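Data first, discussion second: the structure below is written as structure tokens.
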Amino acid sequence: MPLNDYLAEHPPHPNPYSATDIITLLHENHWLTTAPTPEQTAWAARVAQLLGHYAESFAALTNLLRLIFHYDAVQILQSPDAQAAISRYAARDVIRHLALLLLDPAPFTSERFKEVATYLKETCGIRSRDLFHPIRLSLAGRVGEGELDRVILLLDEASDLPFATPVKSTRTRILEFCSALD
């Protein structure tokens, strides 16, 4: 399966951000209150690489980072966008199958994302927005485009790091989402 089938290509503008910029934003938002560990610095470099092309300002980058550090399924499900997304054809089936797949505690890497997307396409028989909006909503906290897929790819690695605000893993998020959904 080509990369484009489950992760959109980078937008055409260049990436102006570095790990140092991400560390600065983490400190400014109190998600990191100490000197970064080497693992946190490596994660920050990955954030810059994956999200930098999607943020035209520090405010936009902060909004994407906020999706990593703040997740409340009950609050997410109260939005009209969330209600519209879960009312679409097969959205609850996608979420149910995704939850079963994420019971396996294996990290949600790019390769695993590809496997999950392929499995859900075959199992639920749907593609595109009907497939990816429920995934993005349940794991990133909102519907949207490819930048949310990249947010999702950052969750499990961040959940293992000692941030001042703990990050919920994909497994924790889907369990919380399913509990709030019913």
Side-chain angles (χ1 to χ4, degrees), residues 1-12 15 42-43 45-55 60-61 63-73 76-77 79-161 167-182:
M1 167 187 282
L3 182 65
N4 293 351
D5 284 353
Y6 75 101
L7 287 179
E9 288 296 316
H10 290 302
N15 180 359
W43 182 80
R46 185 161 155 73
V47 170
Q49 173 196 14
L50 288 176
L51 299 180
H53 294 277
Y54 291 95
L61 188 56
N63 286 337
L64 290 172
L65 283 169
R66 190 170 286 113
L67 297 173
I68 295 169
F69 288 94
H70 297 286
Y71 182 89
D72 181 337
I76 290 164
L77 284 165
S79 78
D81 287 343
Q83 291 301 312
I86 61 171
S87 68
R88 286 191 187 112
Y89 172 74
R92 288 178 182 258
D93 288 339
V94 170
I95 292 166
R96 188 176 318 110
H97 285 287
L98 178 63
L100 291 173
L101 293 170
L102 292 181
L103 287 176
D104 178 357
F108 203 73
T109 61
S110 182
E111 185 61 36
R112 187 156 181 228
F113 196 161
K114 183 177 8 175
E115 292 168 3
V116 165
T118 300
Y119 175 82
L120 292 172
K121 284 177 186 177
E122 293 170 359
T123 304
C124 299
I126 59 173
R127 298 183 173 274
S128 196
R129 165 178 94 163
D130 290 335
L131 176 68
F132 288 102
H133 280 189
I135 294 171
R136 292 170 183 153
L137 179 65
S138 62
L139 298 179
R142 69 176 204 215
V143 295
E145 301 302 322
E147 71 274 12
L148 299 180
D149 297 344
R150 286 164 169 74
V151 165
I152 293 167
L153 292 176
L154 294 163
L155 296 173
D156 285 346
E157 187 178 348
S159 72
D160 290 336
L161 297 174
V167 174
K168 295 178 182 178
S169 68
T170 55
R171 184 176 192 269
T172 300
R173 286 172 182 236
I174 195 67
L175 292 173
E176 182 179 327
F177 192 85
C178 288
S179 292
L181 188 59
D182 292 330

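Everything quoted here is computed from the prediction, not taken from an experiment.
How far CZ of F177 is from CG of L139: 9.0 Å, rounded to the nearest 0.5 Å. Remark: L154 CG to D149 CG distance equals 11.0 Å, nearest 0.5 Å. Distance NE2/H97 to CD/E122: 12.0 Å, rounded to 0.5 Å. The CD1 atom of I152 lies 12.0 Å from the CG atom of L50; values are rounded to the nearest 0.5 Å. Of the inter-residue distances, the one linking L137 atom CG with S79 atom OG reads 7.0 Å to the nearest 0.5 angstrom. In this structure, OH on Y71 lies 5.5 Å from CD on E176, to the nearest 0.5 angstrom.
Using a cutoff of 4.0 Å between basic side-chain nitrogens and carboxylate oxygens, D81 and R142 are not scored as salt-bridged. The pair E111-K114 meets the salt-bridge criterion, since a charged nitrogen lies less than 4.0 angstrom from a carboxylate oxygen.
Contact annotation: the side chain of E115 never approaches that of L101 to less than 4.5 Å [non-hydrogen atoms, C-beta and beyond]. Between L153 and T109, every side-chain heavy-atom pair lies at or beyond the 4.5 Å cut-off. The closest side-chain heavy-atom distance from R136 to V143 is not below 4.5 Å. Considering only heavy atoms from C-beta on, E147 stays 4.5 Å or farther from V151 through its side chain. Residues I86 and P134 fail the side-chain proximity criterion, which asks for heavy atoms closer than 4.5 Å. With a 4.5 Å cut-off on side-chain heavy atoms, L148 and F132 do not count as touching. Contact of the L161 side chain with the V167 side chain is not registered, since no non-hydrogen atoms from C-beta on lie closer than 4.5 Å.
Every salt bridge (Lys or Arg N to Asp or Glu O under 4.0 Å) that D93 has, sequence neighbours left out, goes to R96. Residues that satisfy the side-chain hydrogen bond (donor to acceptor under 3.5 Å, both in side chains) test with R66, not counting sequence neighbours, are N63. Residues passing the salt bridge (Lys or Arg N to Asp or Glu O under 4.0 Å) test with R46, sequence neighbours excluded: E157. The side-chain hydrogen bond (donor to acceptor under 3.5 Å, both in side chains) check on R88 picks up H133, with sequence neighbours excluded. Legend: residues meeting side-chain hydrogen bond (donor to acceptor under 3.5 Å, both in side chains) with D156, ordered by chain and number and at least two apart, are T170. Partners of S169 by side-chain hydrogen bond (donor to acceptor under 3.5 Å, both in side chains), not counting sequence neighbours, listed by chain and number: T172.
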**Report entry** T123 vs V94, side-chain contact (heavy atoms from CB on, under 4.5 Å): CA-CA, chis, key distance, verdict
**Finding:** CA-CA 9 Å; T123 304; V94 170; over 6 Å; no
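Taking both residues in full, the closest heavy atoms of N15 and Q49 are given as ND2-CA, 3.9 Å, listed atom of the first, atom of the second, then distance. The two residues Y89 and I126 come nearest to each other via the heavy atoms CE2-CG2, 3.5 Å. Across A91 and A85, no two heavy atoms sit closer than the pair CB-O, 3.3 Å.
Aromatic ring orientation, F108 versus F113: tilted (interplanar angle from 30° to 60°).
A donor-acceptor pair under 3.5 Å is absent between the side-chain atoms of R173 and the main chain of S138, judged by distance alone. Without hydrogens or angle criteria, K168 side chain to S159 main chain gives no donor-acceptor distance under 3.5 Å.
When each of L98, L102, L103, D104 is checked for a side chain to side chain contact (heavy atoms under 4.5 Å, CB included) with L100, only L103 meets the rule.
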